[in-house]
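In what follows, a structure is listed as structure tokens, so that the remarks can point back to it.
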Amino acid sequence: MFCYNCGCRLSGHDFCTSCGADVALYKKVIHVSNMYYNEGLEKASVRDLSGAVASLRRSLMFDKSNIKARNLLGLVYFEMGEVVTALSQWVISKNMSPGKNIADEYIEKLQYNSARLDTFSQTIKKFNRAVALCSQDSRDLAVIQLKKVLSLNPRFIRAHQLLALLYMEREDWEKAERELRKCMDIDRNNVQTLRYLREVELMLMPDETVRQPAKRRKDESIRYQSENEIIIQPTAIKEPRRSGVGTLLNLGIGLVIGLAAAYFLLVPAAQAEVRNEDQQVITRISNESDVKTARIQELEGQVSGLDQEMTGLRQQIEGYVGTDGTLQTIDSLLQAAADYTETKDVFAAAASLEAISQRVDVGAMSEGFQRLYQAIMGAVGPELSSAYYTQGTASYWAHDYAAAIETLKQAVRYDAGNADALFYLGEAYRHNGDTADAVATYSRVAELFPNTNRGRTAGQYRDNLIRNNPELAQ
């Protein structure tokens, strides 16, 4: 645990040993945050995802910089199908702790598969569309949309709950129970799921408290037996006399009633069956279309990745064979070696080597390239250093110390062992008023050439300058 004021590691005391800040309450807050984090971790391990979300949010209320709690909260949201919420938690975690953070791995896994990310995006859009259809009383279309959502993201708890609620409104209790059981498999203690499931179980449970209606007492009747049959005749009913016209009329009325019953009972059932079959065909075609769309998006993502890979390969090839490529640089180095071998012009060779070093990183080139470069530099370096030393000392004795400094720096650059050039560079700095650079140069001469006249003289000059300028002492 670190101090909130100075960042120093805290000890067992109630105050910071570095800045003295009172950290007793701060330690308690961090302890409570870690306690809620451990509680959320235990609940998540037994798939009590709703309880884990509540505990982890309390942990972040006490310490918003608890990166472990925030990353775990993102994982719990992702397991519940809330991909956008999970991604937002991981982005916040990455911004708060940009160092070694496992949230980078979670974000990269989502962003690497662009087709999967687009699928999650389509899931959210379809779910919002289903909610809008519910508010517009288009419940059948909402059911279709929710089935598409769950085919793309089977762990989306809110979609399961809304689909179960629509089934409950239809009084299709078995389907509602099936959706709620799926929610329970994902999150075992979701309050909304438990509330819906209780209502469904109450409707599916047989009602044993309802008594069967009592049988009516039989009306008094007269019974008599005719051969092997028992005939029962009520005493309160008199058999009317029938005529032929009445019989035909009754037959006609019965026929009309039968036709009407057939029309009003059979025709709607047939129409409902036809509509159901059409709806199933529409659903199947829509699902196939969604699958093909997702596959097309995945293939487009693969094509995009291949295009980027081809672009990278072209850039690599350009790096080898382009105007400033590796092959062109090697050819320039070989040309410089050939020119120096033929003309012995050290200044031209140095200019070529300088151009090469500005164009590429010599240390990153191949071993053979570096050996040839160092060989040419070793051949021209001492001669260049001697020439620059002659020019530099001429400028020094002419009291042009600025020009002498620039020329002598080149001499030291091409031959670090040129003690005279390094010594006169210090002298030029001193006469030019650059006391700090003069002290540094004298120190370098004294360290590199300790047992020479130049080294001892440079040490004396350095000590005199430091004595006159105490602020230069290290």
Side-chain angles (χ1 to χ4, degrees), residues 32-64 66 68-90 92-93 120 123-135 137 139 142-143 145-207:
V32 172
S33 177
N34 291 332
M35 181 189 68
Y36 278 121
Y37 164 72
N38 293 329
E39 181 181 288
L41 183 60
E42 291 178 359
K43 290 181 179 179
S45 63
V46 295
R47 301 203 69 83
D48 183 7
L49 302 186
S50 299
V53 168
S55 298
L56 293 172
R57 290 179 68 88
R58 290 192 188 100
S59 175
L60 293 175
M61 285 176 61
F62 283 95
D63 181 14
K64 67 178 180 180
N66 193 337
K68 294 189 295 183
R70 195 172 293 279
N71 289 339
L72 180 58
L73 181 60
L75 285 175
V76 173
Y77 276 132
F78 186 82
E79 185 67 14
M80 295 173 67
E82 303 287 347
V83 181
V84 176
T85 309
L87 190 60
S88 65
Q89 293 295 331
W90 292 333
I92 294 173
S93 173
F120 287 137
T123 301
I124 299 300
K125 292 179 181 178
K126 290 181 181 296
F127 177 76
N128 293 334
R129 176 60 179 164
V131 174
L133 290 171
C134 289
S135 63
D137 291 334
R139 309 299 167 80
V143 170
Q145 287 292 328
L146 290 172
K147 288 182 178 179
K148 293 178 183 178
V149 169
L150 293 175
S151 67
L152 298 175
N153 188 1
R155 293 186 175 274
F156 199 176
I157 290 182
R158 286 194 295 163
H160 281 295
Q161 291 175 340
L162 182 56
L163 182 57
L165 192 60
L166 292 174
Y167 283 144
M168 291 168 64
E169 186 184 22
R170 290 182 178 181
E171 297 185 0
D172 196 345
W173 307 109
E174 294 181 355
K175 290 184 179 180
E177 183 185 20
R178 186 162 55 249
E179 294 299 326
L180 294 173
R181 294 296 179 187
K182 293 178 182 178
C183 293
M184 294 292 291
D185 292 338
I186 301 170
D187 184 5
R188 296 180 180 177
N189 201 23
N190 189 288
V191 177
Q192 195 75 11
T193 301
L194 294 174
R195 185 182 300 129
Y196 291 165
L197 189 59
R198 183 183 61 184
E199 297 295 330
V200 172
E201 289 177 346
L202 287 175
M203 298 306 299
L204 291 175
M205 185 182 302
D207 191 356

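- Between the OH atom in Y37 and the CD atom in E42 there is a gap of 11.0 Å [rounded to 0.5 Å].
- Taking 4.5 Å as the limit, every side-chain heavy atom of L49 sits out of range of all side-chain heavy atoms of N190.
- M61 CE: 12 or fewer foreign heavy atoms inside a 6.0 Å radius.
- The two atoms that bring A52 and G40 nearest to each other are CB-O, 3.5 Å, heavy atoms only.
- Of all the heavy atoms in A86 and G74, the pair that sits closest is CB-O, 3.0 Å.
- For the atom pair CZ (R195) and CG (L180), the distance works out to 12.0 Å, reported to the nearest 0.5 Å.
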Next item on the list: I would like to know whether R47 and I186 meet side chain to side chain contact (heavy atoms under 4.5 Å, CB included); could you show each step before the answer?
Entry: CA-CA 7 Å; R47 301 203 69 83; I186 301 170; 4.1 Å; yes
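- Interatomic distance, CZ of R139 versus CG of L165, reported as 8.5 Å (0.5 Å rounding).
- Taking each heavy atom of I157 and C183 in turn, the nearest pair found is O-SG, 4.0 Å.
- Counting heavy atoms from C-beta outward, L202 and W173 have side chains that stay 4.5 Å or more apart.
- At distances below 3.5 Å, at least one donor-acceptor pair connects side-chain atoms of H160 with backbone N or O atoms of P154.
- Of all heavy-atom pairs spanning F127 and V149, the tightest one is N-CG2, 3.6 Å.
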Next item on the list: Evaluate the side chain to side chain contact (heavy atoms under 4.5 Å, CB included) criterion for residues M80 and R158: first the C-alpha distance (whole Å), next the side-chain angles of each, then the deciding distance (0.1 Å), finally the verdict.
Entry: CA-CA 8 Å; M80 295 173 67; R158 286 194 295 163; over 6 Å; no
Note to self: Would F156 and I124 count as a side chain to side chain contact (heavy atoms under 4.5 Å, CB included) here? Give the steps.
What the structure shows: CA-CA 10 Å; F156 199 176; I124 299 300; 4.2 Å; yes
Item checked: salt bridge (Lys or Arg N to Asp or Glu O under 4.0 Å) between R181 and E177, worked out -> CA-CA 6 Å; R181 294 296 179 187; E177 183 185 20; 3.4 Å; yes
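- Under a 3.5 Å cut-off, the side chain of S135 and the backbone N or O of A132 do form a donor-acceptor pair.
- In this structure, a donor-acceptor pair under 3.5 Å is absent between the side chains of S50 and N189.
- For the atom pair CD (Q145) and CG (L166), the distance works out to 12.0 Å, reported to the nearest 0.5 Å.
- The CZ atom of R155 lies 12.5 Å from the CG atom of L150; values are rounded to the nearest 0.5 Å.
- Across every non-hydrogen atom of A164 and E179, the tightest pair is CB-CB, 3.9 Å.
- V84 is not listed as a side-chain neighbour of F120, based on a closest heavy-atom distance of 4.5 Å or more.
- The residues K43 and E39 are annotated as salt-bridged, a charged nitrogen and a carboxylate oxygen being separated by less than 4.0 angstrom.
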Item checked: Trace of the side chain to side chain contact (heavy atoms under 4.5 Å, CB included) decision for Y36 with L60 -> CA-CA 9 Å; Y36 278 121; L60 293 175; over 6 Å; no
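- No side-chain donor from either of T123 and N153 sits under 3.5 Å from a side-chain acceptor of the other.
- From L194, atom CG reaches atom CZ of R198 across 9.5 Å, with rounding to the nearest 0.5 Å.
- The minimum heavy-atom distance between A130 and A142, with the atom names listed, is O-CB, 3.7 Å.
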